Asker: 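One structure, pasted below without further comment.
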Amino acid sequence: MSEDTENNRISSRLLLFGATGDLAKRMLLPSLFALHEDGLIAEDLRIMGTARSELTDDGYRALAAEALSEYLPEDRKGNGKLQSFLDRLSYQQLDASEVLGFEALAQKMGDISGGLAIFLSTAPSLFEATIAGLKSAGLTGELVRIGLEKPLGNDLVSSGVINDAVARAFSEQQTFRIDHYLGKETVQNLMALRFANMMFEPLWNSNGIDHVEITISETVGLEGRHDFYNDTGALRDMVQNHMLQLLALTAMEPPANLDATSIRDEKVKVLRSLRPVKMEEMVRGKYGEGAVKGEAVNSYEDDLGSSSDTETFVAIKAHIDNWRWQGVPFYLRTGKRLSERRSEIVIQFKSVPHNIFADRGGKLNANRLVIRLQPEEYVRLQVMTKEPGLDRDGVILREVPLDLSLTQAFAKTRKRIAYERLLLDLIDGDPTLFVRRDEVEAQWHWVDAIRETWAANDIRTKTYGAGNWGPSAAIALTERDGVSWHE
Ligand code: BG6
């Protein structure tokens with residue numbers, strides 16, 4: 001059987017590790033509630049939470065009710081389905097570092113012959129012990145699949161250790177590595193845009209495209225994750241996963257069809273074609289004090305409470321060495337405490353070969369396609385048009401957006417958060433939007449080489465004022481190619 005059909009039965013049990021943590025409260029429980037409310041999960045699906053805290057079933061239901069009241073949007077509350085959702089929940093206290101407790105967990109879980117989906121969002125240091133515990137208690141095998149939340153290691157070697165440990169109990173087909181960006185609607189829409197429309201694909205290569213920009217900017221700072229973030233930095237927190245997945249979906253060849261194997265085969269080819277980055281093609285930054293959205297904020301080191309050279313910003317000029325993309329730079333940038341929150345992909349097309357309006361004063365800008373993922377969702381194509389008039393003083397051409405606002409076009413459709421999609425796919429056994437091991441390894445391979453270059457050349461962070469778009473060197477990175485970041 002192919003990896004797409006081998007494990008596609010729907011599970012009737014869901015086991016959440018890290019069930020009292022921040023992700024569970026903010027994302028997982030609200031997502032599961034939304035799926036329940038919309039009748040998208042089977043009547044018999046039971047959800048069991050597990051974590052270190054000592055809680056009864058009712059205690060966990062109370063925790064879940066509180067999380068829902070805090071994190072569900074107002075219009076989703078109090079519609080009569082809360083109790084039936086809470087009735088699905090149960091809880092088992094567990095110290096995942098000890099194999100002993102897993103037996104009791106399995107006992108309480110009961111019959112898993114209807115299939116079990118596990119979601120692991122605990123510290124990676126617990127992964128190996130957790131897998132061993134699951135195995136010893138019979139919570140592995142072909143009826144079980146496992147979802148793994150990042151971070152899965154912090155370089156190729158450590159991610160390999162985790163992946164090997166997982167592989168001792170679960171086949172690749174049963175392993176669902178989560179990158180929550182793949183659950184975002186506009187990210188999936190990128191494939192529809194590229195492969196359901198005739199007009200883009202013939203130009204989607206080095207003949208038609210001058211360069212691509214991918215930005216994920218955030219206004220938030222450390223958000224209480226001091227140790228994790230300081231050990232990780234922007235390159236590993238954002239580029240290694242989310243940004244490279246966006247790059248892969250933007251750059252991949254048309255897949256043979258929509259199944260998981262075909263799509264992931266195409267993505268991994270792109271990731272393996274990434275050229276090692278030269279020292280002068282990247283910028284590391286760290287926020288100093290400044291003002292974000294009108295509010296004064298501390299520097300990174302003040303937020304952290306110690307000195308540090310961890311980057312909170314990174315900009316990279318990436319190249320994909322294949323036929324389609326020869327000579328087309330992909331500029332990537334991401335950072336904390338930037339000017340605004342924005343995730344977008346910008347496709348800058350080439351200029352027309354000859355400007356017939358030049359003699360009449362008409363100036364042309366090349367077409368640009370902006371795919372905005374958040375906070376708004378839209379696809380906007382900048383096209384040149386003539387300003388209305390009798391043109392006695394020459395032809396005035398202007399850039400006008402051809403706008404497809406997804407928020408407006410689908411105003412009646414509820415906007416779903418990424419985890420709704422990913423949890424449902426995990427329960428249903430569809431691996432398409434999860435990251436395969438070879439993709440993760442290609443991502444780490446490229447990112448590790450960047451970190452080695454930084455270390456070998458002692459590349460330090462450049463400070464930028466919070467509320468700006470990163471260090472001035474990030475602007476110079478594109479300006480020296482005659483390119484401006486889309487702002
Ligand atoms: C996470 C990172 O993976 O993605 C965070 O660890 C970051 O540092 C977050 O804030 C951004 O996700 P989103 O969906 O808000 O863009």
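Nothing here was measured: the structure is a model prediction, and the numbers come from that model.
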Asker: Let me confirm one number: the OG1-CZ distance from Thr219 to Arg341, rounded to the nearest 0.5 Å.
Answerer: 7.5 Å
Asker: Determine the sole option in Arg284, Arg460, Lys286, Lys336 for which the side-chain contact (heavy atoms from CB on, under 4.5 Å) test with Glu311 is passed.
Answerer: Arg284
Asker: Can a side-chain donor-acceptor contact be found between Ser308 and Glu301 if the only test is distance below 3.5 angstrom?
Answerer: no
Asker: Hydrogens and angles aside, do Asp309 and Thr461 bring a side-chain donor and acceptor to less than 3.5 Å of each other?
Answerer: yes
Asker: Consider only side-chain N and O atoms of Asp259 and Ser262, and report whether a donor and an acceptor are under 3.5 Å apart.
Answerer: yes
Asker: For atom CD of Glu487, decide whether the heavy atoms of other residues, nucleotides or ligands shown that lie under 6.0 angstrom number more than 12.
Answerer: yes
Asker: Would you tell me whether Glu185 and Asn189 have side-chain atoms, one donor and one acceptor, within less than 3.5 Å of each other?
Answerer: no
Asker: Just by distance, no angles: are the side chains of Thr261 and Asp265 close enough, under 3.5 Å, to form a donor-acceptor pair?
Answerer: no
Asker: Passes salt bridge (Lys or Arg N to Asp or Glu O under 4.0 Å), Glu344 versus Arg342? Steps please.
Answerer: CA-CA 6 Å; Glu344 70 180 12; Arg342 177 198 292 186; 3.2 Å; yes
Asker: Anything under 3.5 Å between a donor and an acceptor, one on a side chain of residues 416-427, the other on a protein residue two or more places apart or in another chain? List them.
Answerer:
residue: Arg416; atom: NH1; partner: Asp38; partner atom: OD2; Å: 3.2
residue: Arg416; atom: NH1; partner: Glu420; partner atom: OE1; Å: 2.6
residue: Arg416; atom: NH2; partner: Asp38; partner atom: OD2; Å: 2.8
residue: Tyr419; atom: OH; partner: Glu149; partner atom: OE1; Å: 2.9
residue: Tyr419; atom: OH; partner: Glu149; partner atom: OE2; Å: 3.4
residue: Glu420; atom: OE1; partner: Arg414; partner atom: NH2; Å: 3.1
residue: Glu420; atom: OE2; partner: Arg414; partner atom: NH1; Å: 3.4
residue: Glu420; atom: OE2; partner: Ile417; partner atom: N; Å: 3.2
residue: Arg421; atom: NE; partner: Asp425; partner atom: OD2; Å: 3.1
residue: Arg421; atom: NH1; partner: Gln188; partner atom: OE1; Å: 3.0

Asker: Do the side-chain N and O atoms of Asp303 and Tyr287 include a donor-acceptor pair separated by under 3.5 angstrom?
Answerer: yes
Asker: Indicate whether any N or O donor in one side chain lies under 3.5 Å from an N or O acceptor in the other, for Arg177 and Asn163.
Answerer: yes
Asker: Flag the pair Trp469 / Tyr464 as yes when their ring centroid distance falls below 6.0 Å, and as no otherwise.
Answerer: no
Asker: For Glu66, look at atom CD and say whether over 12 heavy atoms of other residues, nucleotides or ligands are found less than 6.0 Å away.
Answerer: no
Asker: Is it the case that over 12 heavy atoms from other parts of the model lie below 6.0 angstrom from the CZ atom of Phe228?
Answerer: yes
Asker: Ignoring hydrogens and geometry beyond distance, is a side-chain donor-acceptor pair present between Asp321 and Ser273 at under 3.5 Å?
Answerer: no
Asker: When the side chains of residues 106-119 are checked against the rest of the protein, which donor-acceptor pairs come out under 3.5 Å, sequence neighbours left out?
Answerer:
residue: Lys108; atom: NZ; partner: Asp57; partner atom: OD1; Å: 2.7
residue: Lys108; atom: NZ; partner: Asp57; partner atom: OD2; Å: 3.3
residue: Lys108; atom: NZ; partner: Tyr91; partner atom: O; Å: 2.8
residue: Asp111; atom: OD1; partner: Ser113; partner atom: N; Å: 2.9
residue: Asp111; atom: OD1; partner: Ser113; partner atom: OG; Å: 2.7
residue: Asp111; atom: OD2; partner: Ser113; partner atom: OG; Å: 3.1

Asker: Roughly how far, to the nearest 0.5 Å, is CG of Leu244 from CG of Leu332?
Answerer: 7.0 Å
Asker: Heavy-atom count around Asp227 CG within 6.0 Å, excluding the residue itself: above 12?
Answerer: no
Asker: Rounded at 0.5 Å granularity, tell me how far NZ in Lys135 sits from OG1 in Thr130.
Answerer: 14.5 Å
Asker: Indicate whether any N or O donor in one side chain lies under 3.5 Å from an N or O acceptor in the other, for His36 and Ser84.
Answerer: yes
